[in-house]
Novice: 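Mind having a look at this structure? Questions to follow.
Keep in mind the model is a prediction, meaning the values are calculated, not measured. The basis for the numbers below is simple: all heavy atoms, side chains too, and nothing from hydrogens, waters or symmetry mates. Protein chains get the first letters and strands the later ones, always in sequence-line order, with residue 1 at the start of each.
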Amino acid sequence: MSEKTARFVYADNAATTPVSPEVLEAMLPFLKEKYGNPSSLYSVAREAASAVEDARAKIAGLLGAKPNEIYFTASGSEADNWAIKGAARANMAKGRHIVTSKIEHHAVLHTCEALEKEGFEVTYLPVDSEGIVDPDEFRKALRPDTVLAAIMYANNEIGTIQPIKELAAIAHERKIPFFTDAVQAVGHIPVNVAELGVDMLALSGHKINAPKGIGALYIKAGTRIKNLIDGGGQERGRRAGTENVPYIVGLARALEIAFARIPELERVRALRDRLIDGILSTIPYSRLNGSREKRLPGNVNVAFEFIEGESLVLLLDSVGICASTGSACSTASLEPSHVLLAIGLPHEKAHGSLRLSLSHENTDEDVDYILEKLPPLVERLRAMSPLYEEFMRGEKIFKV
Amino acid sequence: MAMLYSQKVMDHFANPRNVGEIPDADAVGEVGNAVCGDIMKMYLKIDKETETITDVKFKTFGCGAAIATSSMATELIKGKTIKEALQLTNKAVIEALDGLPPAKIHCSVLAEEAVKAAIADYYRKQGREIDFDLGCGGDCEHCGH
């Protein structure tokens, strides 16, 4: 479906974002003339080395950390893997129990599952119907042999924001290190590691207009953690691999811009609310997934009964709207989104969910366009849905 | 994970053939379930003299591939005798669509089974013994439900 459409609306910013011109401009010298390996001794290399350290200092300043607590990785997934595997393996003498939640990103869930195969025990905490971890349940799940707690800051599918400060404080009462995957939160809501009191925090560049393939892990000084990638002595001997200088520079620039823009995201929040209200009021048998209040400024996730999400995403693409679905058919598995199941959606409703994620680049006209195009497309799919037919005939009673 | 659909799949998804219901259908078959995310319902009009499928319509709840395979299956059996329609395989549906991503093969299986379920309904109404395999009884291990 590549025909020219009336409008192109990119509403999948939680999946990835374009590299901004300012970020690209900051990166280009390090792809061209300043190509030196930061470990070398001559001047073109020293320029690269100091660019990496400048970037580290900038990022540390933004996050409320010290520069020597910031480590660059090749992705948010690598940062998640390192934090969890590294901290778990470093504390094996104390115990082999990890506490996390059922709605984590697969980079956390599958890492925990891998550790289970190594003999660790993992508690996957349930969440309430809005997708929030209950601090009391979190406290109860902590055991004398718990060596790590890992709870995401904001959910990638439903945008729900967790009470990280409170959870980290509870973990610290028991002297348990606390890690948060903040890939969706950083640059969208204020994030300060000192205020949050977390021991480790993962972030990713491509969600905030830096390129794909760069992330970072904050590791509070004194945190026990083993290496994930051994090799040369880069990153003070803790993460080997020649530094990706242009991408590191790009990440720092992108974070600077994103942090400065956070107050402006009130406008995105207003767009989000208009989109949610518009959808729920014009499309019957639809519901918002996740918390209305504790929600990322750009996240809209709605379930439409009687239809399947992938079909809707394909039809939206045909009118120039990029969105996504957490439904089974978007992956190789037939299971619908683990997040939607965790907030209590039955399978059939979880299959019919749509995520629209807005950014500062979206406009009022974009929201108007989505609100114009979406209802007839949902209606079109319902018109060919046997579930809708049965429902309209009253053959089956569905709870809405 | 992005799915690469063939142009034929996209065409049958965006412009599905034979969508709808036949109010006075001679046979109706429904396969799949909402839990797995796919339901196909097929309506047949059958000429009793020649046992030819004179009209066919479908309704499907499911992904792009589920809608496209339903549409293609209806095209492949329209105008055929029920004996010929029983020969329809999921492989024939896949070939006619210029292929399906591996994760979507089950949609073509459902399309084959929807045709068989509808013909089984016709046999039942006629008091005939169902002498062919219906395939999925809704409890196959593929979707685990």
Novice: Could you go through B:Asp38 and A:His351, starting from their C-alpha distance and side-chain angles, then the distance that decides it, and tell me whether this counts as side chain to side chain contact (heavy atoms under 4.5 Å, CB included)?
Specialist: CA-CA 9 Å; B:Asp38 301 290; A:His351 279 297; over 6 Å; no
Novice: In Å and rounded to the nearest 0.5 Å, what is the CD1 to CD1 distance from B:Ile67 to A:Ile307?
Specialist: 9.0 Å
Novice: Heavy-atom distances under 4.5 Å only: say whether B:Ala65 touches chain A with side chain, backbone, both or neither.
Specialist: backbone
Novice: Less than 4.5 Å apart, side chain to side chain, heavy atoms only: is that true for B:Phe13 and A:Leu315?
Specialist: yes
Novice: Give, for atom CG of A:Leu387 and atom NZ of B:Lys41, the distance between the pair rounded to the nearest 0.5 Å.
Specialist: 9.5 Å
Novice: Is it the backbone or the side chain of A:Arg382 that comes under 4.5 Å from a heavy atom of chain B, or both, or neither?
Specialist: neither
Novice: Work out which heavy atom in A:Ser311 is nearest to a heavy atom in B:Cys63; give both atom names and the distance.
Specialist: OG-C, 3.2 Å
Novice: Taking side chain as everything from C-beta outward and backbone as N, CA, C, O, which of these in B:Gln7 sits under 4.5 Å from a heavy atom of chain A? Side chain, backbone, both or neither.
Specialist: neither
Novice: Between B:Phe61 and A:Glu308, which heavy-atom pair has the shortest distance, and what is it?
Specialist: CE1-N, 3.8 Å
Novice: Check each atom of B:Pro102 against the heavy atoms of chain A and say whether the ones under 4.5 Å are side chain, backbone, both or neither.
Specialist: neither
Novice: Are B:Lys59 and A:Glu390 side-chain neighbours, meaning at least one heavy-atom pair lies under 4.5 Å?
Specialist: no
Novice: Mind checking whether A:Met384 and B:Lys57 have side chains closer than 4.5 Å, heavy atoms only?
Specialist: no
Novice: For B:Lys91, I'd like to know if atom NZ has over 12 heavy atoms of other residues, nucleotides or ligands within 6.0 Å.
Specialist: no
